[in-house]
Amino acid sequence: MSNVMFTAHATAKGGREGHVKSDDGLIDLNLVQPGSGDAKGSNPEQLFAAGYSACFDGALNLVASKKKKDIDSEITADVSLLKDESDGGFKVGVVLNVSLKGVSQEEAEELVEEAHQVCPYSKATRGNIDVELNAKAV
């Protein structure tokens, strides 16, 4: 890898019923299987949703600023663990629900599509997982 601008470090132990911690201690979470009872904790899909929604919002605001659009945006990433019929395993799917103030519905859809082209998470997932974009001007 060349031109590294930043590297995040996190360590997981125990898989989906273990623990994950970032090197700076800001993330220090127990991991639990969704629907596994009363245990409190996060899961890989929730962590991915947090990262993708934050990254996409940054890309969206960058695209909007370059077009001199003053927006107020909110991204909700719905990350699902899906059964993969091709191999009997699992796969991930994402729905990005994007709410934009300050633009028309047509402009919202254009900005979201452009953000999807530049967002690092979108680039990383392109062609690997299904990502659905839902833009809504409010």
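Positions are given from 1, in the same order as the sequence printed here. Scope of the values below: all heavy atoms of this structure, side chains included, with no hydrogens, waters or symmetry mates. Just so it is clear, the model here is predicted, and its values are computed rather than measured.
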Colleague: So does Ile129 get a backbone contact from the side chain of Thr125, meaning a donor-acceptor N/O pair under 3.5 Å?
Modeller: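 No; judged by distance alone, with no hydrogens or angles, the pair does not exist.
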
Colleague: Take Lys21 and Thr11 through the side-chain contact (heavy atoms from CB on, under 4.5 Å) test and state the conclusion after the steps.
Modeller: CA-CA 5 Å; Lys21 185 175 181 179; Thr11 302; 5.7 Å; no

Colleague: Taking atom CG as the centre, does Asp87 end up with more than 12 heavy-atom neighbours from other residues, nucleotides or ligands that are less than 6.0 angstrom away?
Modeller: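 More than 12 within 6.0 Å, yes.
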
Colleague: NZ of Lys69 to OG of Ser104: how many Å apart, nearest 0.5 Å?
Modeller: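 Between atom NZ of Lys69 and atom OG of Ser104 there are 7.0 Å.
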
Colleague: Restricting to non-hydrogen atoms, name the atom on Gly15 and the atom on Leu31 that form the minimum distance, rounded to 0.1 Å.
Modeller: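 Looks like O-CD1, 3.3 Å.
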
Colleague: Return yes when atom CD of Glu74 has more than 12 non-hydrogen atoms of other residues, nucleotides or ligands closer than 6.0 Å, and no otherwise.
Modeller: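 No, not enclosed.
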
Colleague: Is there a path of hydrophobic side-chain contacts, each under 4.5 Å between heavy atoms of I, L, V, M, F, W or Y residues, that connects Val118 with Leu96?
Modeller: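 Hydrophobic grouping puts Val118 with Leu96.
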
Colleague: I'd like to know whether Val131 forms a side-chain contact (heavy atoms from CB on, under 4.5 Å) with Leu133, so could you lay out the CA-CA distance, the side-chain angles of the two residues, the decisive distance to 0.1 Å, and finally the verdict.
Modeller: CA-CA 7 Å; Val131 177; Leu133 303 173; 4.2 Å; yes

Colleague: Taking only residues two or more places apart in sequence, or in another chain, which ones meet Arg126 in a salt bridge (Lys or Arg N to Asp or Glu O under 4.0 Å)?
Modeller: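 In terms of salt bridge (Lys or Arg N to Asp or Glu O under 4.0 Å), with neighbours along the sequence ignored, Arg126 is linked to no residue.
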
Colleague: Determine yes or no for a side-chain-to-main-chain donor-acceptor pair under 3.5 angstrom, with Lys83 supplying the side chain and Gly88 the backbone.
Modeller: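 It does hold such a pair.
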
Colleague: Would Phe56 and Val94 satisfy side-chain contact (heavy atoms from CB on, under 4.5 Å), going step by step from the backbone distance to the final call?
Modeller: CA-CA 12 Å; Phe56 196 88; Val94 177; over 6 Å; no

Colleague: So with a 6.0 Å cut-off around CG of Asp130, is the heavy-atom count from everything else above 12?
Modeller: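 For Asp130, atom CG is not crowded (no more than 12 foreign heavy atoms under 6.0 Å).
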
Colleague: Transitively linked via ILVMFWY side-chain contacts under 4.5 Å: Val95 with Tyr52?
Modeller: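 In one cluster: no.
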
Colleague: Return the CZ to OG distance between Arg16 and Ser42, rounded to the nearest 0.5 Å.
Modeller: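 If I round to the nearest 0.5 Å, the distance is 10.5 Å.
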
Colleague: Tell me if a side-chain donor or acceptor on Asn61 pairs with a main-chain N or O of Asp57 at a distance below 3.5 Å.
Modeller: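 Yes; at least one donor-acceptor contact below 3.5 Å.
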
Colleague: Checking Lys91 now: which residues fulfil side-chain hydrogen bond (donor to acceptor under 3.5 Å, both in side chains) with it, not counting sequence neighbours?
Modeller: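 If we apply the side-chain hydrogen bond (donor to acceptor under 3.5 Å, both in side chains) test to Lys91, skipping adjacent residues, there are no hits.
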
Colleague: Mind checking side-chain hydrogen bond (donor to acceptor under 3.5 Å, both in side chains) for Glu17 and listing every partner two or more places apart, or none if nothing turns up?
Modeller: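 So Glu17 forms no side-chain hydrogen bond (donor to acceptor under 3.5 Å, both in side chains) with any residue.
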
Colleague: Enter the distance from Ser99:OG to Asn134:CG here, rounded to the nearest 0.5 Å.
Modeller: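 With rounding to 0.5 Å, OG (Ser99) is 11.5 Å from CG (Asn134).
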
Colleague: If the threshold is 4.0 Å, N to carboxylate O, is there a salt bridge linking Glu107 and Lys67?
Modeller: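 Looking at Glu107 and Lys67, the cut-off is not met.
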
Colleague: Which atom pair, heavy atoms only, marks the closest approach of Ile71 to Ala64?
Modeller: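 Nearest heavy atoms, Ile71 then Ala64: CD1-CB, 3.6 Å.
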
Colleague: Hey, what do you get for CG (Asn128) to NZ (Lys123), rounding to the nearest 0.5 Å?
Modeller: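 Here the rounded value is 14.5 Å.
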
Colleague: Looking at Asn43 and Pro34, what are the two nearest heavy atoms and their distance?
Modeller: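 So the minimum-distance heavy-atom pair works out to ND2-CG, 3.7 Å.
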
Colleague: Quick check: is Leu47 connected to Val92 through a chain of hydrophobic side chains (ILVMFWY, heavy atoms under 4.5 Å apart)?
Modeller: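 No, separate clusters.
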
Colleague: Measuring from Asp28:CG to Asn30:CG, what's the distance to the nearest 0.5 Å?
Modeller: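 Result: 8.0 Å between the selected atoms.
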
Colleague: Using the rule that two of Ile, Leu, Val, Met, Phe, Trp, Tyr join whenever any of their side-chain heavy atoms come within less than 4.5 Å, decide whether Val79 and Leu60 are in one cluster.
Modeller: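 Shared cluster, yes.
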
Colleague: For Asp24 and His9, does a side-chain donor sit closer than 3.5 Å to a side-chain acceptor?
Modeller: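 Per modelled atom types, Asp24 and His9 side chains form no pair under 3.5 Å.
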
Colleague: Using a 3.5 Å distance criterion without hydrogens, assess whether the side chain of Gln105 forms a donor-acceptor pair with backbone atoms of Ala135.
Modeller: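 Looks like yes, one N/O pair under 3.5 Å.
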
Colleague: Between CD of Glu109 and CD of Glu106, what distance do you get to the nearest 0.5 Å?
Modeller: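 It comes to 7.5 Å.
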
